[in-house]
Amino acid sequence: MGKRTILTTAGISAAAALLCAAPAIAAGAGAQAGSVLTTGAAGGTAVATGDVLSAALAPGAKAVIATTSGGSTGITCTSSTFTASVTGNPAAPGTATESVSAHTFGNCTTNVLGATGVQSITVGNLPFASTATSAGALDVAAGSAGAIQTTVKLNTILGAITCVYTSTGLSGTTSNTGNTITFANQKFTRTTGPATCPGSGFFSAKYGPVQDTSVSGSPSVFVN
């Protein structure tokens with residue numbers, strides 16, 4: 001299929017961060033009883049506004065950026081993390097809000113024909129805005145800096161290439177089983193890069209457990 005670089009989805013990260021927001025063990029300012037995000041258990045202690053949530057890939061999971069939806073050709077990373085802060089945590093049922101400040105990818109390999117390695121995958125235009133609903137839906141949207149953006153740098157048989165991909169929004173789902181956030185085949189479109197960069201990329205990953213790192217012991221976050 002010719003030498004191609006794969007697109008990465010940083011934006012996906014934003015979505016993940018937002019979805020997993022969790023309440024602090026000791027509820028702080030802005031927290032409410034019976035909130036959308038809690039720690040310790042479903043219906044537990046409300047997460048405090050300003051608490052920082054984070055998660056790595058769930059056990060056994062990988063972050064995949066495929067050249068086609070559901071395809072097996074692309075980039076696979078065994079390390080990926082996200083960080084987000086809670087900006088709103090109303091009473092359930094409702095919609096919690098977060099600001100995604102970081103999303104990283106590491107230990108990445110590629111099986112794209114013509115590519116010999118992955119130099120880096122960087123997420124730009126942070127922070128992103130995200131929302132998590134009591135129904136388990138997660139949406140990540142562009143922030144004030146611009147569209148959700150991911151820059152992928154690959155080594156190829158003809159030298160290094162850089163591909164930039166963007167998305168106007170990402171959607172995922174949350175689960176209290178393992179306190180996870182899942183993204184499946186979230187599409188990004190190439191905005192800059194040589195013709196060897198695929199026109200689009202599809203991001204899939206499962207993060208968890210999502211933890212409230214502002215609270216002692218970093219308890220897991222539940223969505224109510």
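Rounded to the nearest 0.5 angstrom, Thr196 OG1 and Leu154 CG are separated by 8.5 Å. Of the inter-residue distances, the one linking Thr87 atom OG1 with Asp51 atom CG reads 12.0 Å to the nearest 0.5 angstrom. For the atom pair CG of Asn89 and OG1 of Thr49, the computed distance is 6.5 Å after rounding to the nearest 0.5 Å. Between atom OG1 of residue Thr151 and atom CD1 of residue Ile121 there is a gap of 10.5 Å, rounded to the nearest 0.5 Å. Rounded to the nearest 0.5 Å, atoms OG (Ser144) and CG (Leu126) are 10.5 Å apart. To the nearest 0.5 Å, atoms OG (Ser175) and CZ (Phe222) are separated by 10.0 Å.
When all heavy atoms are compared, the tightest approach of Gly106 to Cys77 is O-CB, 3.5 Å. In plain terms, the two heavy atoms of Ala160 and Asn155 that are nearest each other are CB-OD1, 4.0 Å. Closest of all the heavy-atom pairs between Phe128 and Ile148 is CE2-CA, 3.5 Å. Closest approach of Pro59 to Gly208, counting heavy atoms only: CD-O, 3.8 Å. Summarising the geometry of Ser85 relative to Gly50, their closest heavy-atom pair is CB-O, 4.4 Å, with the distance given to 0.1 Å. Between Thr68 and Phe202, the shortest heavy-atom contact is C-CD1, 3.4 Å.
You'll find the side chain of Thr180 stays beyond 4.5 Å of the side chain of Pro209, heavy atoms only. Put simply, the side chain of Asn224 does not reach to within 4.5 Å of the side chain of Val36, judged on heavy atoms. Contact annotation: the side chain of Leu37 approaches that of Val223 to within less than 4.5 Å [non-hydrogen atoms, C-beta and beyond]. Between Phe183 and Leu138, the closest side-chain pair of non-hydrogen atoms falls below 4.5 Å.
Using a distance-only test at 3.5 Å, with no hydrogens or angles considered, a donor-acceptor pair links the side chain of Arg190 to the main chain of Cys197. Judged by distance alone, with hydrogens and angles left aside, the side-chain atoms of Gln211 form no donor-acceptor pair with the main-chain N or O of Ser220 at under 3.5 Å. A donor-acceptor pair is defined here as one N or O able to donate and one able to accept, closer than 3.5 Å; such a pair exists between the side chain of Gln186 and the backbone of Ala184. With hydrogens and angles ignored, the 3.5 Å screen pairs a side-chain donor or acceptor of Asn111 with a backbone N or O of Gly74. Under the 3.5 Å distance criterion, the side-chain polar atoms of Ser214 are matched with a main-chain donor or acceptor of Val52. For the pair Asn125 (side chain) and Ala147 (backbone), a donor-acceptor distance under 3.5 Å is present. Under the 3.5 Å distance criterion, the side-chain polar atoms of Ser69 are left unmatched by any main-chain donor or acceptor of Asn185. Of the possible donor and acceptor atoms, one in the side chain of Ser134 sits under 3.5 Å from a partner among the backbone N and O of Gly94.
With no hydrogens or angles considered, no side-chain donor-acceptor pair links Thr73 and Thr67 at under 3.5 Å. In summary, the side chains of Asp139 and Ser171 do present a donor paired with an acceptor at a separation below 3.5 Å, with no hydrogens or angles considered. In this structure, a donor-acceptor pair under 3.5 Å is absent between the side chains of Tyr165 and Thr191.
Partners of Thr109 by side chain to side chain contact (heavy atoms under 4.5 Å, CB included), not counting sequence neighbours, listed by chain and number: Thr76. Applying the side-chain hydrogen bond (donor to acceptor under 3.5 Å, both in side chains) rule to Asn107 yields no partners; only residues at least two apart in sequence or on another chain are considered.
In terms of hydrophobic clustering, with Ile, Leu, Val, Met, Phe, Trp and Tyr side chains grouped at heavy-atom distances under 4.5 Å, Val152 and Ile161 are assigned to a common cluster. Hydrophobic cluster membership differs between Val164 and Leu170, with clusters built from Ile, Leu, Val, Met, Phe, Trp and Tyr side chains linked at under 4.5 angstrom. Transitive grouping of hydrophobic side chains (ILVMFWY, heavy atoms separated by less than 4.5 Å) brings Leu57 and Val210 into a common cluster.
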- Message: Set out, in order, the CA-CA distance, both residues' side-chain angles and the distance that settles side chain to side chain donor-acceptor pair (under 3.5 Å) for Ser80 and Tyr207, then state yes or no.
- Response: CA-CA 8 Å; Ser80 183; Tyr207 294 87; 2.7 Å; yes
- Begin with the C-alpha distance, continue with both residues' side-chain angles, and end with the deciding distance and a verdict on side chain to side chain donor-acceptor pair (under 3.5 Å) for Ser101 and Thr83. CA-CA 6 Å; Ser101 59; Thr83 302; 5.2 Å; no
- Worked verdict on Thr104 versus Thr81 for side chain to side chain donor-acceptor pair (under 3.5 Å): CA-CA 5 Å; Thr104 67; Thr81 63; 2.7 Å; yes
